[in-house]
Amino acid sequence: MKKIGIGLVGFGTVGTGVVRILQENKGVIEDRLGASIVLRKIADLDITTDRGVKVDRKILTTDAGELIDDPDISILIELIGGYDAAKEITLKAIGKGKHVVTANKALLAVHGDDIFGEAHSRGVDIGFEASVGGGIPVIRSIKEGLVANHIKVIFGILNGTSNYILSEMTSKGKEFGDVLKAAQNKGYAEADPTFDIEGIDTAHKLAILLSLAYGIKVDLGDIYVEGISKITPLDIEFAKELGYTIKLLAIAKEEGRRIEARVHPTLLPNCHLLSMVNEAYNAIFIDGDAVGSTMFYGKGAGMMPTASAVISDVLEICRNIMKGSSRRVPLLSFQHEKIRAQKIKNMSDVTSRYYLRFSAIDKPGVLSKISGILGNLDISISSVIQKGREVEGTVPIFMVTYEAREANIQKALKEIDDSPITLDNTVLIRIEEGGGNFGG
Ligand code: HSE
């Protein structure tokens, strides 16, 4: 049987999963591939800790350069995460004509231009299925299964840590800080958990999906990003009462040639399929002009799901190698020369419905002042709830608006928050009602 040599840089959680799958599923992998995958070397700074998998100590090294220089390694798996070292290793491996598989969404979102450009000119493959949605084969689905479509809408729950936190807050009424610790203990969170809770990890993944869906290079700074750290049990409770669930969503929409891309906590109707995605699960709802609405669901983080995606890329590249080809499917779904830089629609031009919570002073006429300011800016109110006289001299007023322009809502909230009728900044959460033709 033909043998194909691979190397692994980064023997952490996902790296260990890769070794386990290669060992435990060796038979089925070989039956499908018709070749044997040989893990020739593993590089990590720590080569002494027992990972609970059997590995020949002779293949362990602390020097990633050994893998890059090994002519018997055709595919290098990069699982060290982060930017600088990962970029250097990836570019050096590409420079040596090796194919690269990576789960590093931050690297691709920030340095994708250099990496894909280099891979294109060297004629090698880059596999990155594990970079978005963990074990969910969403990248391959956009590149192949949905290749006939214009993608109209993408809604993604792309961060397991945030989804776990919001789910626990929703189902158990827990406070944000308590649940974050539990998520970290479960090993879902990034090394810097602010990447998870402040929406940065989700934005990295959205940038990758935007390239695949629209053939565009996106400046990360153009994507509006807001995390979940300010979401309170009070807002979750009232959203529920109004018929909504709060999720951290990555949103992409195409209207004509204008593309909207944003990441923020979002109220979704309770009956939307995405509202039912709980714990560390991820899901990606994609609406295509031909296929209609589709949804992809599965584990978005963790050892074995992420390793499953990594191995799927290794196999795809092995199949190319065995047929004497590479990049049968373009790296970013579109032909390299068709990929263009594109500005994302300015957030102030976005329209949405809004959930607002005012910390209003308890005096007659306050509600009419608030609705007057909103009305002057063309913001129409759909419903209002005011609950008991509590919370340090203020009463919470919950409001849902009809569609309004972001610029107008921000202007209105500034005026309201600068006036003495509220004592705390107003809470704003955007609402999405469906995004396709099911679930909303
Ligand atoms: N920190 C990420 C998450 C890991 O929580 O989803 C997977 O990218």
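None of these values were measured; they are calculated from a predicted model. Order of listing sets the numbers, starting from 1, for every ligand and every atom in it.
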Margin query: Does T266 form a side-chain hydrogen bond (donor to acceptor under 3.5 Å, both in side chains) with H264? I'd like the steps, not just the answer.
Written below: CA-CA 6 Å; T266 308; H264 51 69; 3.2 Å; yes
With heavy-atom distances below 4.0 Å as the criterion, list the atoms of ligand 1 near [X].
| X | result |
| --- | --- |
| K105 | 4 (C), 7 (C), 8 (O) |
| G300 | 7 (C) |
| N159 | 1 (N), 2 (C), 3 (C), 5 (O), 6 (O) |
| D196 | 1 (N), 2 (C), 3 (C), 5 (O) |
| K205 | 2 (C), 6 (O), 7 (C), 8 (O) |
| A301 | 4 (C), 7 (C) |

What protein heavy atom lies closest to [atom]? Include the residue and the distance to one decimal.
| atom | result |
| --- | --- |
| atom 2 (C) of ligand 1 | E190 OE2, 3.1 Å |
| atom 6 (O) of ligand 1 | G160 N, 2.7 Å |
| atom 5 (O) of ligand 1 | T161 OG1, 2.6 Å |

Check: Any ring-ring contact (aromatic ring centres under 6.0 Å, His included) pairs touching residues 218-256, not counting sequence neighbours?
Finding: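 Residue pairs passing ring-ring contact (aromatic ring centres under 6.0 Å, His included), neighbours aside: F238-F398.
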Next item on the list: May I ask you to test the L267-R430 pair for a side-chain heavy-atom distance under 4.5 Å?
Entry: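 Heavy-atom side-chain distance check fails, nothing below 4.5 Å.
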Check: Could you give all pairs that pass the salt bridge (charged side-chain N to carboxylate O under 4.0 Å, His left out) test and reach residues 296-310, with sequence neighbours left out?
Finding: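 Not a single pair qualifies under salt bridge (charged side-chain N to carboxylate O under 4.0 Å, His left out).
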Notebook entry, point to check: Hey, is E30 close enough to K26 for a salt bridge, meaning N to O under 4.0 Å?
Noted result: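 Salt bridge flag = yes for K26 with E30.
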Margin query: Ignoring hydrogens and geometry beyond distance, is a side-chain donor-acceptor pair present between S293 and D287 at under 3.5 Å?
Written below: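 On atom types as modelled, these side chains qualify, holding a pair under 3.5 Å.
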Check: Which pair of heavy atoms, one from K345 and one from D349, lies closest together, and at what distance?
Finding: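 Minimum heavy-atom contact is CE-O, 3.7 Å.
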